[in-house]
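To start, the structure itself, in structure tokens.
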Amino acid sequence: MRVSRLMLVTLRDDPAQAEIPSHKLLLRAGYIRRVASGIYAYLPLLWRVLQKVSAIVREEMDATGALETLLPQLQPADLWQRSGRWAGYTAGEGIMFHLKDRQGHELGLGPTHEEVITDLAADLLRSYRQLPVNLYQIQTKFRDEIRPRFGLMRGREFIMKDAYSFHSDEASLRDTYAAMDGAYRRIFRRCGLRAVAVEADSGAIGGSASQEFMVTADAGEDLILTSADGCYAANQERAVSLPTPPVELPGGLRTGGAGELLATPGQTSIEQLVGAHGFEASQLVKVLLLLARFQDGYLQPLLISLRGDQQLNGVKLANAVSARLAGDHGVLLGIDPLSFELVAALNRSEGRSIDLSAFPLGYLGPDLDDGLLSGSRPSLGVEGREVRAGSSGVAALPQPPRQQLSAKFLRLTDPTAAQLPAFVCGANQIDRHRVGASWQGLQLEPEVVDLRAAQPGDRCLHDSAQTLTAARGIEVGHIFQLGKKYSEALGARFTNESGEEEALWMGCYGIGVSRLAQAAVEQNHDGDGICWPVAIAPFEVIIVVASSQDPLQSELAERLYGHFQAEGLDVLLDDRPDRAGVKFKDADLIGIPYRLVVGRGAASGVVELVERATRQSQELTVDAALEAVVAAVRSGRSGLQVPGAAAG
RNA sequence: CGGGAUGUAGCGCAGCUUGGUAGCGCACUUCGUUCGGGACGAAGGGGCCGCAGGUUCGAAUCCUGUCAUCCCGACCA
């Protein structure tokens, strides 16, 4: 390809809308253009990168025996209703773009394809003899992200490789899961990425085991915790660790564990209590008051107890609450601190509400009386200027589910709090705390769940000599053992060896292809531009003619260009009439791994070879340069080379 | 959705406080001189000042509304 024909438009200034280096560089170097929020045009240069990434993904997936397919992007609501995900994915701030066709049928643009593929599996897979099967596709996905950002990093339309495997038993699922783990490691390595596999939360997809692949970069949206010995790595959402031991409470139990009242006027925070009375934060039990909202309108107040020096992990909490209540009340829509704002919002809707002013906020103890909930007054409802559906012109809108408030708290306690033999906690009355309380003394049997957030510096479970360190990560891949969640919901059954019908075991495996391309830039750039790894570079070598007017240089450049094309290299010829400096700047910016400069040495048959990533350069005779470039590119294509080794 | 900011030429910005009909750099076109790290000179083209109302003799500038974009939190490949 000739640069004069490449529609190359590079920018000298950083675009104001871009924040992180990879986003700026992709815009400046002419790889992407924004079309709408979270929606991008992949310009010819980027499309070549995406094709190369896809090719690597295909090779590695195919090598495991997976089958490539292509599923529809437009999917019927019916399938999603059967899996129980339609409401959760479309209602409110749902992530699924959905629409009605002219017959009035509801459809959604696929944010993921479990439903479609499982329905197909139900149709096609009948016998254990057909299993296992692993199907994948590389395709555009649509998610109406709450906040698209950082260019391709979190777009609303993006390219993803997703695979779904089907098995007759759990052991087979584990085998494929392990094969995917291996394939993913090779894929990221071949793409020139430094990625780590971390234990992950399964999130909205569901299932048991799951692992994320994180490209480490400061711009990453996730926090990952790793041990130096490499034995443990987890997303902070999921991470576990050994808490620091608590400091023993002087005096131990008082009044048999019921605790002794202590006047604590205005001391509503851990810091204030610690400061005023010389307590250690680890001697306190703090009680958090939250409200969980469910799909069917059920509202569950939560009373969460944590040791005073620990932080709540919201993901762990949501999982624990979901596990207890989602069966009866549908999808957990959210958990929010029970604040006056939230109560005011609830007051405006139907049903009963909570009288938060009756709560001794800042002085809550884990034995807070359920009576505070049943004593709540009926909501004043729709007086004033509130408009009701049905009483106005919007009668066609569906009624929101009627809210129903639980009469009891769901009380969950983190082990760090549950294990304290004697502690300080709120007395459930204003300006009073209790010292020397115990769970038994308060006549409580705590329901113990791991709810605390692991922190950098914590000791590891597998080896208490190891501590966790934090790093930012970009999630480029995620693999799940789904189990039977979707196959049971959608009736995907097969006949096993004993002639019995059984639901299929499933796994699913995603790679964000467009995100991966940007993550590669995030990890491979310098002050002058992108430094693409050879394996995914849009072009492998660029020939720069220092002075296009010099027929000697032009002719030599053309000869080299033809030679590389004949050798099957992806070669770019910068034949523009611009000055050499302009072409050097552009070559650095767009990040072509090898640059061959045909300049003043042309007359004596000498050219200059520069490796982009290392800036190493050498003067070579034409023949030696040809040989060096071809050799370097060929070895670089595997993605397994060490930068610098080729041009040295 | 909550909090913060910004919308002026393809890109980056000034002008707005104190209203008088739009400017700078880059990019683009033509000519000349340059020619190995984003050259110089000359001439030129390109703007419903996000949109809609309002105030005013007069609005990029003041007021109201609205839309869009970006940043910080909840979502995820």
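Chain naming here is simple, since letters A, B, ... match the order of the sequence lines and numbering starts at 1 in each. Since the structure is predicted, the reported quantities are computational estimates derived from the model, not experimental observations.
Of the candidate nucleotides B/G36, B/A74, B/C26, B/A74 has the atom lying nearest to any side-chain atom of A/Ile146. Closest to the side chain of A/Arg143, from the set B/A77, B/G38, B/C70, is B/A77.
Checked against ring pair (Phe, Tyr, Trp, His ring centres under 6.0 Å), A/Tyr164 has no partners two or more places apart in sequence or in another chain. Looking at residues two or more places apart in sequence or on another chain, you find a side chain to side chain contact (heavy atoms under 4.5 Å, CB included) between A/Thr10 and A/Leu8, A/Asp586, A/Leu589, A/Ile590. Residues forming a side chain to side chain contact (heavy atoms under 4.5 Å, CB included) with A/Ala66 (at least two apart in sequence, or on another chain): A/Met61, A/Thr64, A/Asn134, A/Tyr136. With sequence neighbours excluded, the residues forming a side chain to side chain contact (heavy atoms under 4.5 Å, CB included) with A/Leu312 are A/Leu288, A/Leu290, A/Ile304, A/Leu306, A/Leu317, A/Leu451, listed by chain and number. Residues passing the ring pair (Phe, Tyr, Trp, His ring centres under 6.0 Å) test with A/Tyr184 are A/Phe188, A/Phe213, sequence neighbours excluded. For A/Gln75, the side chain to side chain contact (heavy atoms under 4.5 Å, CB included) test picks out A/Trp80, A/His113, A/Val116, with sequence neighbours left out. Remark: A/Arg28 engages no residue in a side chain to side chain donor-acceptor pair (under 3.5 Å) (not counting sequence neighbours). Residues satisfying the side chain to side chain donor-acceptor pair (under 3.5 Å) test with A/Ser548, not counting sequence neighbours, are A/Lys583.
Between the side chain of A/Asp588 and the base of B/G37, at least one donor-acceptor pair of N or O atoms lies under 3.5 Å. Under 3.5 Å, the side chain of A/Arg615 and the base of B/G37 form no donor-acceptor pair of N or O atoms.
Atom NE2 of A/His23 and atom C1' of B/U69 are 11 Å apart (whole Å). Rounding to whole angstrom units, CZ of residue A/Arg293 and P of B/A74 are separated by 15 Å.
Nearest-nucleotide mapping onto RNA chain B: of A/Val598 and A/Phe213, the residue sitting toward the 5' end is A/Val598.
Comparing the same atom, P, in B/C75 and in B/C24 gives a spacing of 50 Å after rounding to whole Å. When the C1' atom is compared between B/G7 and B/G50, the two are found 6 Å apart, to the nearest whole Å. Separation of the P atoms belonging to B/G20 and B/A60 is 9 Å when rounded to the nearest angstrom. One C1' atom belongs to B/A39, the other to B/G25, and the distance between them is 15 Å to the nearest Å. Here the separation of B/G15 from B/U8, taken at their C1' atoms, is 9 Å to the nearest Å.
The side chain of A/Arg154 places no N or O atom within less than 4.0 Å of a non-bridging phosphate oxygen (OP1 or OP2) of B/A77. OP1 or OP2 of B/G73 has at least one side-chain nitrogen or oxygen of A/Arg149 nearer than 4.0 Å. Neither OP1 nor OP2 of B/C75 sits under 4.0 Å from any side-chain N or O of A/Arg147.
Side-chain contact check for A/Ser54 and A/Gln51: no donor-acceptor pair (N or O, by modelled atom type) lies under 3.5 Å.
When heavy atoms are screened at a 4.0 angstrom cut-off, A/Gln17 is found touching the sugar-phosphate backbone but no base atom. Among the protein residues, A/Gly599 comes within range of the nucleic acid bases, having at least one heavy atom under 4.0 Å from a base atom. Using a 4.0 Å heavy-atom distance criterion, A/Gly155 is classed as a base contact. At a threshold of 4.0 angstrom between heavy atoms, the contacts of A/Asp222 include nucleobase atoms, whether or not backbone atoms are also involved.
Of the residues in residues 33-43 of chain A, those lying under 4.0 Å from RNA chain B by heavy-atom distance are A/Arg34, A/Ser37.
Ion pairing of A/Arg595 with A/Glu611 is absent here, as no side-chain N (NZ or NE/NH1/NH2) approaches a carboxylate O to less than 4.0 Å.
In terms of modelled atom types and a separation under 3.5 Å, the side chain of A/Arg515 and the main chain of A/Met153 share a donor-acceptor contact.
Stacking here means ring centres nearer than 5.5 Å and ring planes tilted less than 30 degrees, and by that measure A/Phe158 stacks onto B/A77.
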Are any protein N/O atoms closer than 3.5 Å to N/O atoms in nucleotides 28-35 of chain B? If there are, list each pair with its distance.
residue, atom, partner, partner atom, Å
B/U34, O2, A/Arg579, NH1, 2.8

Are any protein N/O atoms closer than 3.5 Å to N/O atoms in nucleotides 23-25 of chain B? If there are, list each pair with its distance.
residue, atom, partner, partner atom, Å
B/G25, N2, A/Asp13, OD2, 3.4

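Identified under the side chain to side chain donor-acceptor pair (under 3.5 Å) test for residues 519-531 of chain A, with sequence neighbours left out: A/Ser22-A/Glu522, A/Thr216-A/Gln523, A/Asp526-A/Arg612, A/Asp526-A/Arg615, A/Asp528-A/Arg615.
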